[in-house]
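Both counts, for ligands and for their atoms, begin at 1 and track the order of listing. Keep in mind it's a predicted model, so treat the numbers as computed, not measured. Values below: all heavy atoms of this structure, side chains included; hydrogens, waters and symmetry mates excluded.
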Amino acid sequence: MKVLKFGGTSVGSVEGLTSVKNIAESAQEAEIIVVSAFSGVTESLLRGASAASEGDIAFRSFYDEICRRHEEMMSSLFGESSRRERVSGQVHLLLDELKSLYEGVYALRVIPKKTGDQIASMGERLSSLIIAELIEGAVRHDSLNFIKTIEVSGRTLLNSSLTEKMVRNEFADANGISIVPGFIATDSVTGDITTLGRGGSDYTASIIAAALDAGSLEIWTDVDGFMTADPRIVKDSCIIDEISFAEAMELCHFGAKVIYAPALYPVLPKEIPMYIKNTFNPSVSGTVVRRTTRKSKTVTGLASIGNMCLLTLSAPSMVGIVGVDSRLFGALKSRNISVFLVTQSSSETGISVGITADAIEKARVAVDEEFASEISSGVMNPSIVEKDLSTVAVVGPELKMSKGVAAKLFTALSECGIGILACAQGSSEHNISMVIGKENLHKALNVIHKSFFHSEYRELNLFVCGIGTVGGRLLEQISGQREVLMKEKSLKLNVVGISNSTLKLLDSDGIDLSTYRERMTQEGVSVDTAGLRDGIIGMSLPNGIFV
Ligand code: ASP
Ligand code: MG
């Protein structure tokens with residue numbers, strides 16, 4: 001038996017759903033299919049609720065839009081058939097319930113937690129009804145009956161032991177195709193509807209796979225798998241075909257939102273392999289996440305956090321002052337602020353913690369309050385906040401065993417003039433993190449990626465200003481020598497910018513020198529000194545040379 005999960009984009013369009021139907025119906029074994037809400041629906045549900053709570057009648061437009069989305073989907077999938085009639089009745093019951101919930105919030109001007117969860121749950125309840133009708137022979141199983149949560153200090157957590165029992169019970173006789181709404185649950189004590197947190201459908205699928213000892217778990221999404229770096233920033237990033245749970249965890253925590261991180265926990269001890277697949281590109285094999293990987297490589301991938309801050313607490317000498325760290329973390333914990341990176345110098349004169357930009361002010365106040373008496377007596381300094389930073393994390397299976405990773409990282413960054421503000425090697429040693437200025441993130445990721453994944457050539461990026469007799473001849477020479485330099489010197493010259501006195505042409509993918517004059521006339525834009533300078537800086541390329 002296997003468990004498949006299809007995310008919001010996979011089920012959010014007729015094209016996606018057609019693919020889901022084909023994938024589901026071609027299975028050779030029993031399968032449980034966990035589905036998300038149609039793409040964007042959970043977001044609209046929550047925004048509608050928040051509008052209603054502010055007394056803004058815009059909640060009615062959110063409601064109308066949600067109704068329209070589901071009506072249209074049913075029309076496209078079922079036309080006016082009897083299937084449409086069957087499912088439409090159930091869909092309307094839920095939509096009516098949603099309407100009453102919204103009107104209630106609007107009247108009261110608050111969203112009680114219970115009501116908020118009921119509203120949020122609608123997306124999966126609706127989508128699973130429609131998908132169960134679409135897939136031939138599928139039976140719908142309602143997660144509200146068997147995914148159970150408990151409240152612990154105001155947080156909704158999975159009640160694992162009860163859930164495991166109930167899942168086994170629910171699916172004891174299941175064969176063929178079962179459809180299950182992801183994300184939603186009920187409280188073990190009150191029976192109220194709860195959720196597993198945003199993105200929680202992955203978690204539902206993993207919980208079910210673990211409880212039933214499934215042969216595999218497939219997470220179907222809209223990307224080809226885990227990538228060696230964010231493909232929006234690093235153009236030549238590639239798919240990671242195999243990765244361990246520990247590495248996947250590091251990548252997820254550091255911004256690669258391929259899966260919801262908690263979803264890694266249930267299947268991990270059972271050693272159930274998790275496949276990340278693309279619904280829109282099913283023939284690509286994707287990424288498999290396993291307990292241990294067979295491939296030997298030093299670095300698996302890069303992850304990054306685009307906007308973060310460092311908070312540093314220091315004293316002329318903290319040597320021997322006991323409990324500073326514990327008080328610092330206590331102060332942050334009491335305000336629910338999470339820390340994702342810690343560095344401390346061994347002389348103990350300072351400790352820095354990485355915190356997301358939205359929580360930094362709250363963090364600074366909390367820490368300064370905690371150490372108020374030490375700060376006022378001068379034993380400690382007020383905390384220092386550095387903003388507009390990014391973290392780049394290098395993730396690999398055994399960074400502690402492999403020599404030279406840190407050296408390579410430092411070299412790559414220093415060669416393109418990027419300063420490192422803090423650096424941490426996690427004790428898991430699957431991760432080395434560097435904190436740098438936010439403006440350098442693009443360049444840093446590209447240069448680190450090149451040095452670990454494409455180190456065949458050293459690359460230079462050239463901007464050539466002036467294409468008359470001298471400049472023109474230079475470009476001819478570069479064009480003639482390019483192959484030779486690559487072969488004999490492992491040096492790759494990319495001309496990424498050309499300008500004359502009136503026009504400029506910038507292209508970070510490189511300009512083909514056999515046709516640059518034609519491209520200049522067709523695509524060149526008018527040039528002035530400041531614009532050219534800003535254009536070049538904006539491309540943020542490593543190893544740049546201006547001629
Ligand atoms: N629909 C929920 C969300 O958008 C859960 C999920 O898609 O995994 O957060
Ligand atoms: Mg989702």
Side-chain angles (χ1 to χ4, degrees), residues 3-13 16-17 19-20 32-50 62-63 65-67 69-70 73 91 94-95 97-98 101 111 113 115-132 140-144 146-147 149 155-158 163 179-186 193-210 217-223 225-226 248 252-253 255-267 274-280 289:
V3 177
L4 295 82
K5 179 259 172 176
F6 290 93
T9 30
S10 301
V11 297
S13 63
L17 277 174
S19 186
V20 171
I32 296 177
I33 297 183
V34 176
V35 295
S36 283
F38 296 159
S39 55
V41 167
T42 310
E43 196 58 37
S44 301
L45 284 164
L46 295 174
R47 288 179 57 197
S50 120
F62 283 106
Y63 177 76
E65 177 57 23
I66 292 164
C67 294
R69 238 351 245 295
H70 292 87
M73 193 65 99
V91 164
L94 286 177
L95 289 172
E97 190 184 329
L98 174 62
L101 290 166
I111 319 173
K113 179 174 184 302
T115 313
D117 283 348
Q118 271 175 293
I119 292 174
S121 75
M122 287 296 176
E124 272 73 6
R125 292 165 75 190
L126 288 161
S127 70
S128 59
L129 279 173
I130 296 174
I131 297 166
R140 183 172 178 272
H141 293 253
D142 196 339
S143 315
L144 298 179
F146 52 83
I147 304 286
T149 58
R155 293 177 58 204
T156 306
L157 302 178
L158 179 73
T163 300
I179 301 290
V180 175
F183 178 59
I184 59 174
T186 42
I193 291 179
T194 53
T195 76
L196 300 178
R198 291 306 308 275
S201 295
D202 292 345
Y203 196 24
T204 308
S206 179
I207 293 163
I208 295 176
L217 168 62
E218 296 177 3
I219 304 284
W220 290 83
T221 173
D222 55 359
V223 293
F226 278 99
C252 288
H253 282 306
K257 290 210 174 61
V258 178
I259 42 175
Y260 181 52
L264 292 160
Y265 296 111
V267 286
M274 180 190 269
Y275 296 86
I276 315 291
K277 303 268 295 170
N278 189 347
T279 308
F280 302 94
V289 190

Next item on the list: Assign the ring pair Y203 / Y260 to parallel, tilted or perpendicular, where the plane angle (0 to 90°) is split at 30° and 60°.
Entry: perpendicular

Check: Can you list every pair that meets salt bridge (charged side-chain N to carboxylate O under 4.0 Å, His left out) and has a residue in residues 32-46, with sequence neighbours left out?
Finding: E43-R198

Check: Under 4.0 Å from any heavy atom of T42, which atoms of ligand 1 are there?
Finding: 1 (N), 2 (C), 3 (C), 4 (O)

Item checked: Nitrogen or oxygen atoms of K5 and ligand 1 under 3.5 Å apart -> no

Note to self: Please tell me whether T156 and T194 have a donor and an acceptor in their side chains that are separated by less than 3.5 angstrom.
What the structure shows: no

Checklist line | Gap between atom CE of M122 and atom CG of L98 - 0.5 Å precision | finding: 5.5 Å

Notebook entry, point to check: What atoms in ligand 1 come closer than 4.0 Å to a heavy atom of E124?
Noted result: 1 (N), 2 (C), 5 (C), 6 (C), 7 (O)

Next item on the list: For R198, take its heavy atoms, then give the atoms of ligand 1 lying under 4.0 Å from any of them.
Entry: 3 (C), 4 (O), 9 (O)

Next item on the list: Would you please name every residue forming a side-chain contact (heavy atoms from CB on, under 4.5 Å) with A205, sequence neighbours left out?
Entry: V3, K5, V34, L217

Notebook entry, point to check: At the 4.0 Å heavy-atom cut-off, does G199 count as touching ligand 1?
Noted result: yes

Check: Which of the atoms in ligand 1, numbered in the order shown and given with their element, are less than 4.0 Å from a heavy-atom of S36?
Finding: 6 (C), 7 (O), 8 (O)

Check: Does even one non-hydrogen atom of G200 get within less than 4.0 Å of ligand 1?
Finding: yes

Next item on the list: Please work out which of the three classes, parallel, tilted or perpendicular, describes the rings of F146 and H141, given edges at 30° and 60°.
Entry: perpendicular

Note to self: Is it the case that ligand 1 has an N or O less than 3.5 angstrom from some N or O of G197?
What the structure shows: no

